[in-house]
Amino acid sequence: MDIRELILDMLMEIEGGRIYSNVLIRNVLDKYDYLPSKDKAFVKRVTEGVLERRIQIDYIINAFSKVPTEKMKPLIRSLLRMSVYQILFMDTVPDPAACNEAVKLAGKRKFHSLKGFVNGVLRNISRKKEEICSGRGAGFYPDEEKDPVMHLSVLYSMPEYLAKMWLDDYGMGKTKKMLQAMLGIRPVTVRWKESLPEKEKEDWLAKIKKAGMEVRQSPYLPYAYDISHADGVKRIPGFDEGLFAVQDVSSMLCIECAGIEKGSFIVDVCAAPGGKSVHAAEKTGKSGRVLARDISEEKMDLIWENVKRQKMDHIETECFDATVYDKSLSKKADVVLADVPCSGLGVLGRKRDIKYNLTKEMLVELPGIQRKILSTAWDYVKPGGLLVYSTCTVRKEENEENVRWFLGHYPFTPENISGRLEGVPETETAAKGYVQLLPGIHETDGFFIAVFRRKAEDER
């Protein structure tokens with residue numbers, strides 16, 4: 001198996017828009033599970049690296065090629081991208097090896113006439129490597145003072161309209177921290193099953209370390225752990241036994257902010273893949289009840305997989321469209337979870353192709369969809385109960401502006417969640433009922449949480 005050719009085919013498939021990168025990478029690594037761990041790690045690293053730095057890589061290629069990347073043959077474009085990534089961002093790959101392997105692959109895929117072109121572009125980039133990389137390419141990349149948006153776009157591989165949006169919303173300092181964090185290598189974050197004995201957790205942590213993985217407890221939650229050097233989540237000890245859930249700390253904090261009590265009835269209207277539903281079920285205990293819903297059978301399968309693996313038999317699952325009102329749930333739930341469809345801009349560090357697939361038209365449409373869900377879900381909350389609105393994005397139109405809209409239309413008041421976020425920095429707005437978590441500022445994905453309490457009938 002030529003692992004570079006495998007990477008090339010994956011990049012071609014992703015660019016064709018036929019499949020999401022995280023799904024393709026998982027499927028390919030499962031299919032070629034017999035490969036040595038170092039080869040699987042190489043495939044994952046290069047594929048993800050090219051995606052997360054594609055704008056920067058194209059800028060560099062265009063500086064050394066007479067043919068711009070958008071006019072190249074798709075295979076040659078992908079081949080140059082993966083080779084440039086190895087030359088500039090992987091110290092373990094010698095530059096000559098990256099160049100030679102690319103030339104071989106061009107010939108193998110019947111592009112004999114372009115072998116010289118591929119070789120020339122890559123060797124020129126290799127010779128100018130120090131100039132490109134030193135001081136973050138001062139003098140090579142767009143100037144920060146003269147064109148801050150283009151500077152951020154190229155240096156951090158972010159579409160210009162997103163760089164401008166964050167620059168306007170958060171300023172240069174926070175935007176840089178966010179963009180840098182989105183380029184970082186992310187560990188697997190898991191939630192230990194709190195209902196299990198402490199001794200069992202100690203044994204589990206010991207097994208993880210014995211397996212050659214690194215484990216670190218989250219500074220925000222005692223049951224959250226970052227695990228590095230895991231050769232797939234299924235290889236982490238305890239996966240099959242359901243000892244933990246794969247879930248970001250931001251998602252766990254969402255459930256903490258819900259203040260769920262034993263015996264509560266929870267409705268999760270957009271539940272897939274089921275992390276919050278399972279976490280909520282742990283909080284309610286066997287005396288409680290969780291109803292987990294989503295819009296398609298495919299999403300329901302993801303929920304059921306999590307429910308079954310973690311043996312949460314007090315979770316009910318139903319395929320149901322969250323934008324459609326269900327009168328049978330009127331005023332029934334102690335807590336309603338509305339983790340609505342969103343732009344996903346807070347999880348770009350994990351789902352790298354989102355930034356290339358989003359359009360301005362999609363961004364305009366999303367707040368309307370989110371408000372439609374809120375306009376049905378609010379009435380499922382019993383008087384005095386809570387509605388938790390959340391997104392995995394860092395965009396004010398989908399977050400703070402939806403909070404203002406919701407409070408202006410429905411009988412709810414903001415819930416002070418300060419006491420449920422102790423130890424988490426920069427959460428000053430928690431007293432107003434919401435918090436925006438930012439990658440690079442917080443040790444989480446980008447995530448928004450807002451909590452509202454329904455007024456009693458006589459308060460209206």
Side-chain angles (χ1 to χ4, degrees), residues 48-66 68-70 77 80-81 83-91 121-122 124-186 343-360 363 393-400 425-426 436-447:
E48 291 181 343
V50 170
L51 289 174
E52 67 188 9
R53 293 190 179 269
R54 195 172 84 188
I55 293 173
Q56 182 183 16
I57 289 171
D58 282 2
Y59 180 89
I60 294 165
I61 292 172
N62 289 339
F64 293 90
S65 170
K66 293 180 180 179
T69 53
E70 65 268 19
R77 180 169 57 237
L80 286 175
R81 285 170 174 168
S83 304
V84 169
Y85 182 80
Q86 293 169 64
I87 290 169
L88 296 180
F89 301 106
M90 294 186 72
D91 295 336
V121 171
L122 293 179
N124 281 335
I125 290 174
S126 177
R127 279 193 285 269
K128 294 287 187 176
K129 181 176 180 177
E130 186 176 344
E131 177 185 332
I132 296 169
C133 297
S134 63
R136 291 195 172 182
F140 180 80
Y141 293 118
D143 185 82
E144 181 178 339
E145 296 296 326
K146 295 179 180 177
D147 196 342
V149 172
M150 181 63 77
H151 173 82
L152 293 172
S153 175
V154 172
L155 200 59
Y156 297 101
S157 278
M158 191 60 61
E160 287 182 55
Y161 75 96
L162 292 178
K164 183 180 187 307
M165 179 181 72
W166 288 329
L167 196 57
D168 291 343
D169 286 349
Y170 298 108
M172 181 61 80
K174 279 191 175 180
T175 299
K176 276 187 175 182
K177 288 180 180 179
M178 287 168 56
L179 293 175
Q180 185 61 48
M182 289 174 181
L183 290 176
I185 296 173
R186 305 299 300 273
S343 55
L345 296 174
V347 293
L348 293 182
R350 300 187 190 275
K351 298 180 179 179
R352 294 157 179 83
D353 43 357
I354 288 176
K355 59 187 175 184
Y356 306 119
N357 295 331
L358 269 179
T359 65
K360 292 181 181 179
L363 291 178
T393 195
V394 287
R395 183 170 171 254
K396 293 183 182 296
E397 290 87 345
E398 298 176 65
N399 296 338
E400 289 94 333
E426 297 198 29
Q436 175 70 72
L437 302 172
L438 300 173
I441 307 299
H442 302 97
E443 294 190 39
T444 68
D445 288 336
F447 204 86

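Treat the numbers as computed from the prediction; the structure is a model and nothing was measured. Only heavy atoms go into these numbers, but all of them, side chains included; no hydrogens, no water, no symmetry mates.
- Taking Asp143 as the reference, nothing meets the side chain to side chain donor-acceptor pair (under 3.5 Å) condition, with sequence neighbours excluded.
- Using a cutoff of 4.0 Å between basic side-chain nitrogens and carboxylate oxygens, Lys176 and Glu144 are scored as salt-bridged.
- Interatomic distance, Ile61 CD1 to Arg81 CZ, rounded to the nearest 0.5 Å: 7.0 Å.
- Of the inter-residue distances, the one linking Gln86 atom CD with Asp91 atom CG reads 12.5 Å to the nearest 0.5 angstrom.
- To the nearest 0.5 angstrom, Ile125 atom CD1 is 7.0 Å from Leu88 atom CG.
- The number of heavy-atom neighbours closer than 6.0 Å to NZ of Lys351, taken from other residues, nucleotides and ligands shown, is 12 or below.
- Across all non-hydrogen atoms, the minimal contact from Val394 to Leu437 is CG1-O, 3.8 Å.
- Here the closest heavy-atom approach between residue Tyr59 and residue Phe140 is recorded as OH-O, 3.0 Å.
- Under the 4.5 Å side-chain criterion, counting only non-hydrogen atoms from C-beta, Leu345 is in contact with Trp166.
- Exactly one of Lys174, Gln436, His442 qualifies for a side chain to side chain donor-acceptor pair (under 3.5 Å) with Glu426. That residue is Lys174.
- Side-chain atoms of Lys177 do not come within 3.5 Å of backbone N or O of Leu438 as any donor-acceptor pair.
- With contacts defined as side-chain heavy-atom distances shorter than 4.5 Å, the pair Asp445/Arg186 qualifies.
- The shortest non-hydrogen separation linking Arg352 to Glu48 is CD-O, 3.3 Å.
- Between Ile60 and Tyr141 there is a side-chain heavy-atom pair separated by less than 4.5 Å.
- For NZ of Lys396, the number of neighbouring non-hydrogen atoms (other residues, nucleotides, ligands) closer than 6.0 Å is greater than 12.
- At least one donor-acceptor pair closer than 3.5 Å links the side chain of Ser157 to the backbone N or O of Gln56.
- Two residues are said to be in side-chain contact when any heavy atoms from C-beta on lie closer than 4.5 Å; Leu162 and Tyr156 fail this criterion.
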| said: Evaluate Ile132 against Phe64 for side-chain contact (heavy atoms from CB on, under 4.5 Å), listing each step before the verdict. | reply: CA-CA 12 Å; Ile132 296 169; Phe64 293 90; 3.9 Å; yes
Could you walk me through whether Ile87 and Lys129 pass the side-chain contact (heavy atoms from CB on, under 4.5 Å) test, one step at a time? CA-CA 8 Å; Ile87 290 169; Lys129 181 176 180 177; 4.3 Å; yes
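- Between the CD atom in Glu52 and the CD1 atom in Ile57 there is a gap of 8.5 Å [rounded to 0.5 Å].
- Although no hydrogens or angles enter the test, the distance criterion places a donor-acceptor pair under 3.5 Å between the side chain of Asn62 and the main chain of Thr69.
- Pairing each heavy atom of Val84 with each of Leu122, the nearest pair is CG2-CD2, 3.8 Å.
- When every heavy atom of Leu348 is checked against every heavy atom of Met182, the shortest pair comes out as CD1-SD, 3.9 Å.
- At most 12 non-hydrogen atoms from other residues, nucleotides or ligands lie less than 6.0 angstrom from NZ of Lys128.
- For the pair Glu397/Leu363, no side-chain contact is recorded, criterion being any heavy-atom separation below 4.5 Å from C-beta on.
- Here the side chain of Arg54 pairs no donor or acceptor atom with the backbone of Tyr356 at under 3.5 angstrom.
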Audit row: Asp169, Arg395, side-chain contact (heavy atoms from CB on, under 4.5 Å) steps and yes/no: CA-CA 8 Å; Asp169 286 349; Arg395 183 170 171 254; 5.7 Å; no
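- Listed here is the closest heavy atom pair of Ile441 and Pro425: O-CG, 4.4 Å.
- Note that OG of Ser65 is 7.5 Å distant from CG of Leu80, once rounded to the nearest 0.5 Å.
- Panel note: side chain Ser153, backbone Pro159; no donor-acceptor pair is recorded below 3.5 Å.
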